[in-house]
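This report refers to the structure that appears directly beneath it.
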Amino acid sequence: MIEAKQLTVRRYRVDLFPTTLTLTAGRHALLGRKEDGVPALLACLGGDVRPKRGHVTVLGGAPSSPSVRARVGWIPLALELPDVLRVDEILALARRIRKNAPVAAASVLAPLGLEPLAGRRGSSLEPAEARAVALAEALASPSVSVLLVEEPFVAMAAPAVAALPALVAPRTNACIVVATASAIDAARLANDFAIFDRGRLVRIVTEPPLR
């Protein structure tokens, strides 16, 4: 579902050195800090940053392609929702963009314990609430095949933090990628771990590393 070949990226004044990586259906962690290039790589997979060199495809296309974005749930740390719309309106708009059938906002928000947010405007949400709403939308969409989450347990509403591991565990047909500096957080969600150090992919392991 995700393929990078000799990919180089620069973000936050950090260079990701040529990286070759294939991520198929399953739960994966990119383990490292900002200075290790992990957030830059995830932002590239989410279509927010263009590669400097090399090649990357998500679901067979460019990450920035509208057709690809419609099938990707991208939850960065810095996420903004439309200020003037209510959460239920934001969710309805997302369903239309993804060409999904409309559903009640409560059914989207309930799995993450976010039903009280349905009538709130985007401008009234705390950053952790906005991220949780975006996560709920992606998890509820039948068209999302790739889910990318930066620091899933940081700046995330508490009910979503508690519910997330159980919600992603059964999604064997999706490609779920989390980027985090915490090996403990990575182990709660992922089955394999790509470890980065100062911009380089060091190794990929299937046991949670001590870090």
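Since the model is a prediction, treat every value here as computed from it, not as a measurement. Values reported hereafter were calculated over all heavy atoms of this structure, with side chains retained and with hydrogens, waters and symmetry mates removed.
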Ser123 and Val84, any side-chain heavy atoms less than 4.5 Å apart = no
So side-chain hydrogen bond (donor to acceptor under 3.5 Å, both in side chains) across residues 157-168, not counting sequence neighbours, yields none
Contacts of Asp88 that satisfy side-chain hydrogen bond (donor to acceptor under 3.5 Å, both in side chains) - sequence neighbours left out | Arg86
Closest heavy-atom pair, Pro208 versus Phe193, reported as atoms and distance to 0.1 Å, is N-CE1, 3.5 Å
Pair listing, side-chain hydrogen bond (donor to acceptor under 3.5 Å, both in side chains) test, anchored in residues 129-144, at least two apart | Arg98-Glu137, Asn100-Ser141, Asn100-Ser143, Arg120-Glu129, Ser141-Ser143
Quick one: list whatever passes side-chain contact (heavy atoms from CB on, under 4.5 Å) with Arg50, sequence neighbours left out.
-> Ser64
Does any non-hydrogen side-chain atom of Phe153 lie less than 4.5 Å from one of Ile184?
-> no
Name each donor-acceptor pair under 3.5 Å that joins a side chain in residues 156-163 to protein atoms two or more places apart or in another chain, with its distance.
none

Would you check if Val56 and Leu45 make a side-chain contact, meaning some heavy-atom pair closer than 4.5 Å?
-> yes
Return each pair, listed once, that meets side-chain hydrogen bond (donor to acceptor under 3.5 Å, both in side chains) where at least one residue sits in residues 166-187; pairs must be two or more places apart or across chains.
-> Glu151-Thr180
Linking I/L/V/M/F/W/Y whenever any side-chain heavy atoms sit under 4.5 Å apart, do Leu125 and Leu93 land together?
-> yes
Closest non-hydrogen atoms of Cys44 and Pro51, given as atom of the first, atom of the second and distance, are SG-CG, 3.9 Å
Side-chain contact test, heavy atoms from C-beta onward, threshold under 4.5 Å: evaluate it for Ile2 versus Leu148 and give yes or no.
-> yes
Are any non-hydrogen side-chain atoms of Leu59 and Val146 less than 4.5 angstrom apart?
-> yes
Cluster overlap Val133 with Leu147, hydrophobic side-chain contacts below 4.5 Å | yes
Donor-acceptor under 3.5 Å (Arg27 side chain, Leu189 main chain) | yes
What residues form a side-chain hydrogen bond (donor to acceptor under 3.5 Å, both in side chains) with Glu150, not counting sequence neighbours?
-> none
Please answer: with hydrophobic residues joined when any side-chain heavy atoms are less than 4.5 Å apart, are Leu42 and Leu201 in the same cluster?
-> yes
Determine whether more than 12 heavy atoms belonging to other residues, nucleotides or ligands lie under 6.0 Å from atom CZ of Arg11.
-> yes
Enumerate donor-acceptor pairs with a distance under 3.5 Å from any side-chain N or O in residues 107-117 to protein atoms, sequence neighbours excluded.
| unit_1 | atom_1 | unit_2 | atom_2 | d |
| --- | --- | --- | --- | --- |
| Ser107 | OG | Ala104 | O | 2.7 |

Lys5 atom NZ, over 12 foreign heavy atoms within 6.0 Å | no
Between His28 and Thr24, is there a donor-acceptor pair closer than 3.5 Å when you use the side chain of the first and the backbone of the second?
-> yes
Side chains of Ile204 and Leu21 in contact at under 4.5 Å (non-hydrogen atoms) | yes
Salt bridge between Asp36 and Arg33, side-chain N to carboxylate O under 4.0 Å?
-> yes
If you round to the nearest 0.5 Å, how far is CG of Leu23 from CG of Leu30?
-> 6.5 Å
Taking every heavy atom of Leu31 against every heavy atom of Ala181, the minimum-distance pair comes out as CD1-C, 3.9 Å
Within the side chain of Thr19, is there an N or O that forms a donor-acceptor pair under 3.5 Å with the backbone of Phe17?
-> yes
To the nearest 0.5 Å, what is the distance between CD (Glu35) and CZ (Arg198)?
-> 10.0 Å
Taking every non-hydrogen atom, the tightest pair across Leu164 and Pro152 | CD2-CB, 4.0 Å
Out of curiosity, does Leu7 fall in the hydrophobic cluster containing Val202 (side-chain heavy atoms, cut-off under 4.5 Å, transitive links)?
-> no
Who pairs with Glu3 by side-chain hydrogen bond (donor to acceptor under 3.5 Å, both in side chains), at least two apart in sequence or on another chain?
-> none
With a 4.5 Å limit on heavy-atom distance, are the side chains of Leu91 and Val103 in contact?
-> no
For atom CD of Glu80, decide whether the heavy atoms of other residues, nucleotides or ligands shown that lie under 6.0 angstrom number more than 12.
-> no
Do Val38 and Val58 share a hydrophobic cluster (ILVMFWY, side-chain heavy atoms under 4.5 Å, transitive)?
-> yes
Please list, chain by chain and in numerical order, all residues satisfying side-chain contact (heavy atoms from CB on, under 4.5 Å) with Ile90, sequence neighbours excluded.
-> Leu81, Pro82, Leu85
Report yes if some heavy atom in the side chain of Lys34 is under 4.5 Å from a heavy atom in the side chain of Pro39; otherwise report no.
-> yes
Check: Val205 main-chain N/O paired with Asp192 side-chain donor or acceptor under 3.5 Å = no
side-chain hydrogen bond (donor to acceptor under 3.5 Å, both in side chains) involving Thr206 - partner list, sequence neighbours excluded = none
Donor-acceptor contact below 3.5 Å, side chain Arg121 vs main chain Asp83 = no
Quiz: residues 65-79 side-chain donor-acceptor pairs under 3.5 angstrom, not counting sequence neighbours:
| unit_1 | atom_1 | unit_2 | atom_2 | d |
| --- | --- | --- | --- | --- |
| Ser65 | OG | Ser67 | N | 3.4 |
| Ser65 | OG | Ser67 | OG | 2.9 |
| Arg69 | NH2 | Gly47 | O | 2.8 |
| Arg69 | NH2 | Asp48 | OD1 | 3.4 |
| Arg71 | NH2 | Ser145 | OG | 3.4 |
| Trp74 | NE1 | Asp48 | OD2 | 2.8 |

